[in-house]
Amino acid sequence: MATLTIAEKQQEAKFGFAFKNLADKNYNQTDKEGNDVGGFSAIYTGLLQFDIDALKAFWDCGLAHLGSKGRPKIVEIEEAIEARIDKDKGTEELFKEAFREIDSSGFFKKDAKTFWKNLEKFKDMGKTDEEKEENAMGAQIMLDGKAELLGETTESTD
């Protein structure tokens, strides 16, 4: 369970329409072709890359179910994350909790499955061998991040 202590109150991230709507509104990204990636994908990818801003976005959206009057402000979320980093002596556990929760949530189960299915296809895309190699390397970085966050082992391709 992903929890964070904010203003001396233990808060739990929840996944549903409140998360999705806020993620799409505040954290959506656009790809090279100008297509919306979607807030879920931006946060999910950011967590895989150990991006601290993705962790902040995860908590912002994960607490959206509390509504406008109960949801902590971004500055409060940042302070809570910083306190947790100090307590844990790093970010590893925060990232693992966040990723495991979002990856296994029933609400985003299909989105996560589609993400990995598309990543497999992406590995072989490209017009040149160089592009294909770059795409394969990028996909491997994501797979390695997933394995680390889920505590799985991967075989090195070296």
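For clarity, every value in this text was computed on a predicted model and none was experimentally measured.
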- request: Just jot down the side chain to side chain donor-acceptor pair (under 3.5 Å) partners of Thr3, sequence neighbours excluded, or say none.
  value: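 In terms of side chain to side chain donor-acceptor pair (under 3.5 Å), with neighbours along the sequence ignored, Thr3 is linked to Gln10.
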So do the side chains of [X] and [Y] get within less than 4.5 Å of each other, counting heavy atoms only?
X	Y	answer
Leu94	Phe50	no
Lys9	Thr5	no
Pro72	Leu4	no
Ile6	Leu63	yes
Glu76	Lys73	yes
Leu143	Glu120	yes
Lys56	Ile74	yes

message: Determine whether Tyr27 and Asp53 satisfy the following criterion, side chain to side chain donor-acceptor pair (under 3.5 Å), listing intermediate values before the conclusion.
response: CA-CA 10 Å; Tyr27 301 102; Asp53 287 328; over 6 Å; no
task: Decide if atom CG of Asp129 counts as having more than 12 heavy atoms of other residues, nucleotides or ligands within a radius under 6.0 Å.
output: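 Result for CG/Asp129: open.
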message: If you count every heavy atom of other residues, nucleotides or ligands that lies below 6.0 Å from Lys96 atom NZ, does the total exceed 12?
response: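 Atom NZ in Lys96 is packed in, count exceeds 12.
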- prompt: With no hydrogens and no angle check, do the side chains of Tyr44 and Asp111 hold a donor and an acceptor under 3.5 Å apart?
  reply: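 Not at all, the side chains of Tyr44 and Asp111 share no donor-acceptor pair under 3.5 Å.
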- prompt: Considering residues at least two apart in sequence or located in another chain, which fulfil the ring pair (Phe, Tyr, Trp, His ring centres under 6.0 Å) criterion with Phe19?
  reply: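 Applying ring pair (Phe, Tyr, Trp, His ring centres under 6.0 Å) to Phe19 gives Phe15, Phe108.
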Of all heavy-atom pairs between [X] and [Y], which one has the smallest distance, and what is that distance?
X	Y	value
Leu22	Ala64	CD2-CB, 3.9 Å
Val37	Asn28	N-OD1, 3.4 Å
Trp59	Glu12	CZ3-C, 4.3 Å
Glu131	Thr128	N-OG1, 3.0 Å
His65	Gly62	ND1-O, 3.0 Å
Ala112	Asp103	CB-OD1, 3.8 Å

- prompt: What's the verdict on side-chain contact (heavy atoms from CB on, under 4.5 Å) for Glu92 and Leu149, showing C-alpha distance, side-chain angles and the deciding distance?
  reply: CA-CA 8 Å; Glu92 185 175 352; Leu149 289 166; over 6 Å; no
Taking atom [atom1] of [X] and atom [atom2] of [Y], what is their separation to the nearest 0.5 Å?
X	Y	atom1	atom2	result
Lys20	Cys61	NZ	SG	11.0 Å
Lys87	Ile85	NZ	CD1	12.5 Å
Thr45	Gln29	OG1	CD	7.5 Å
Leu150	Phe99	CG	CZ	5.0 Å
Ile52	Glu78	CD1	CD	9.5 Å
Met142	Lys146	CE	NZ	12.5 Å

- prompt: Between Arg84 and Glu97, is the closest basic N to carboxylate O distance under 4.0 Å?
  reply: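 Salt bridge present between Glu97 and Arg84.
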- request: May I ask you to say whether Asp60 pairs ionically with Arg71, meaning some side-chain N is under 4.0 Å from a carboxylate O?
  value: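 A salt bridge is present here (some side-chain N lies under 4.0 Å from a carboxylate O).
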Single-linkage hydrophobic cluster Trp116~Ile43, side-chain heavy atoms < 4.5 angstrom: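 Trp116 and Ile43: one cluster.
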- prompt: Taking the six-membered ring where the residue is Trp, are the ring centres of Phe107 and Phe17 under 6.0 Å apart?
  reply: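 Yes, they do, as the ring centres are separated by less than 6.0 Å.
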query: Is there a donor-acceptor pair under 3.5 Å between the side chain of Asp24 and the backbone N or O of Gly38?
result: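 No, Asp24 side chain to Gly38 backbone: no donor-acceptor pair under 3.5 Å.
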